[in-house]
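Please read the structure below before turning to the comments.
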Amino acid sequence: ARAERVLEGAQELPLFGSGRGDELDRLAARLNRLLERMRVLMEGMRQVSNDIAHDLRTPLARTRQRLEASLADGMDAAGLRQTIGEAVVDIDDLLSTFRALLRIASVEARQRHSGFEMVDLSALFEDVAEIYRPVAEDSAHPFEAHIAAGQRLHGDRALLTQMLVNLVENALHHTPVGSRLRLELQVQGDATIGRVTDRGPGIPAESHAQVLKRFVRLDSSRNLPGAGLGLALVAAIGDLHGIGLVLRDAMPGLTVELHFPRVRMG
């Protein structure tokens, strides 16, 4: 009866079992997990809809205003070409945002271990370090990497690479010139932990959970490029692989820790 009321829209959690630890208790526990997951997904859908409407309305309105002004002002050919060029840039940014949203949705909708294979995690970190070391040096960001050998993970190599690339690019784009960037993969006891650390302005502790959501940007004036989806994709990929994601104050700067699950042998 309580499950039926939930289907009709009531928020009645938790369901109660018999209290005897029998199959009814186990059934109630699983239904509670299912209902809570449904609640989180529905809330996420509502939030994403609101965020899309809010964050994409402004660039669309700006593009329309530019095009409308070009018609009203009787611009010459050169002015029209410039306006059209600016509109194309705006539209490309919007398309990039939609591609990122579709990528996040694709990751979240996948069967949890579909297409997974054993990935050489150490080699993956080394590859990212090799690619981004010259990029960092070109932008005057001293770069260092400390990567433990022999670490593996059962997962999707392309998605894991995307996750690490997003973290490194965030560190490069949101820190001033001269800020040091460090990439690490360490073994601590039985745990394998990856870290991306920068020496930039960091993120306030109260905003750590918030920045992992879609469209969240601490640059409230929107002076920096991007739609606030990079860390949301990182969170989605981490959830798919069972990777714990922890943000820490690097004093100064930010450390993003990736707590990788243990590889079960056999």
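Excluded from the calculations below are hydrogen atoms, water molecules and symmetry mates; all remaining heavy atoms, backbone and side chain alike, are included. All residue numbers refer to positions in the sequence shown, counting from 1.
In this structure, the separation between CE on M163 and CG on L240 is 10.0 Å, given to the nearest 0.5 Å. Of the inter-residue distances, the one linking T63 atom OG1 with E68 atom CD reads 12.5 Å to the nearest 0.5 angstrom. With rounding to the nearest 0.5 Å, the separation of CG in D138 from OH in Y132 is 13.0 Å. Summarising the geometry, atom CG belonging to L183 is positioned 5.5 Å from atom CZ belonging to F125; distances are rounded to the nearest 0.5 Å. If you take CZ on R262 and CG on L153, they are separated by 13.0 Å, rounding to the nearest 0.5 Å. In this structure, CD in E169 is found 10.0 Å from NE2 in H174, a value given to the nearest 0.5 Å.
The hydrophobic clustering, which links ILVMFWY residues whose side-chain heavy atoms are closer than 4.5 Å, places V165 and I243 together. Note on L67: it does not cluster hydrophobically with I91, by side-chain heavy-atom contacts below 4.5 Å among ILVMFWY residues. In this structure, I147 is a member of the same hydrophobic cluster as V256, with clusters built from ILVMFWY side-chain heavy atoms closer than 4.5 Å. Cluster annotation: V246 is not connected to V187 through the hydrophobic network of ILVMFWY side chains, with a link wherever side-chain heavy atoms come within less than 4.5 Å. Residues V196 and V135 share a single hydrophobic cluster, defined by chaining ILVMFWY side chains whose heavy atoms lie under 4.5 Å apart.
No donor-acceptor distance shorter than 3.5 angstrom exists from the side chain of H259 to the backbone of G242, with no hydrogens or angles considered. Panel note: side chain D198, backbone L254; a donor-acceptor pair is recorded below 3.5 Å. Side-chain N or O atoms of D25 include one that pairs as donor or acceptor with a backbone N or O of R20 at under 3.5 Å.
Neither side chain, S122 nor Q151, offers a donor N or O lying under 3.5 Å from an acceptor on the other. No donor-acceptor contact under 3.5 angstrom links the side chains of S70 and T83, judged on distance only.
For residues 118-131, every residue pair satisfying the salt bridge (Lys or Arg N to Asp or Glu O under 4.0 Å) rule, not counting sequence neighbours, is listed here: D127-R157.
At a threshold of 4.5 Å between non-hydrogen side-chain atoms, the residues S139 and L172 count as touching. Considering only heavy atoms from C-beta on, R30 comes within 4.5 Å of R26 through its side chain. Contact annotation: the side chain of L124 approaches that of L164 to within less than 4.5 Å [non-hydrogen atoms, C-beta and beyond].
Remark: of the listed residues Q186, E184, H146, Q186 is the sole one forming a side chain to side chain donor-acceptor pair (under 3.5 Å) with R195.
Closest heavy-atom contact between L245 and A235: CD2-CA, 4.1 Å. When all heavy atoms of R199 and S179 are compared, the pair lying nearest together is O-OG, 3.8 Å. Of all non-hydrogen atoms in G155 and V119, the two that sit nearest each other are O-CG2, 3.4 Å. The shortest non-hydrogen separation linking R152 to M118 is NH1-CG, 3.6 Å. Counting all heavy atoms, side chain and backbone alike, L160 lies closest to I237 at N-CG2, 4.4 Å.
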> Does the side-chain contact (heavy atoms from CB on, under 4.5 Å) test come out yes or no for Q82 and E86, once each step is laid out?
Replying inline: CA-CA 6 Å; Q82 179 179 347; E86 292 171 348; 3.4 Å; yes
>> If you apply the rule side-chain contact (heavy atoms from CB on, under 4.5 Å), what do you find for T175 with L181, and how did you get there?
In response: CA-CA 9 Å; T175 57; L181 176 62; over 6 Å; no
> Do R66 and D90 pass the salt bridge (Lys or Arg N to Asp or Glu O under 4.0 Å) test, and can you show the C-alpha distance, the side-chain angles, and the key distance before you say yes or no?
Replying inline: CA-CA 11 Å; R66 284 176 176 169; D90 289 342; 2.7 Å; yes
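Ring to ring, F260 and H241 are not that close: their centroids are 6.0 angstrom or more apart.
The environment of R62 atom CZ is dense: over 12 non-hydrogen atoms of other residues, nucleotides or ligands sit within 6.0 angstrom. Counting heavy-atom neighbours within 6.0 Å of Q188 CD, excluding the residue itself, gives a total above 12.
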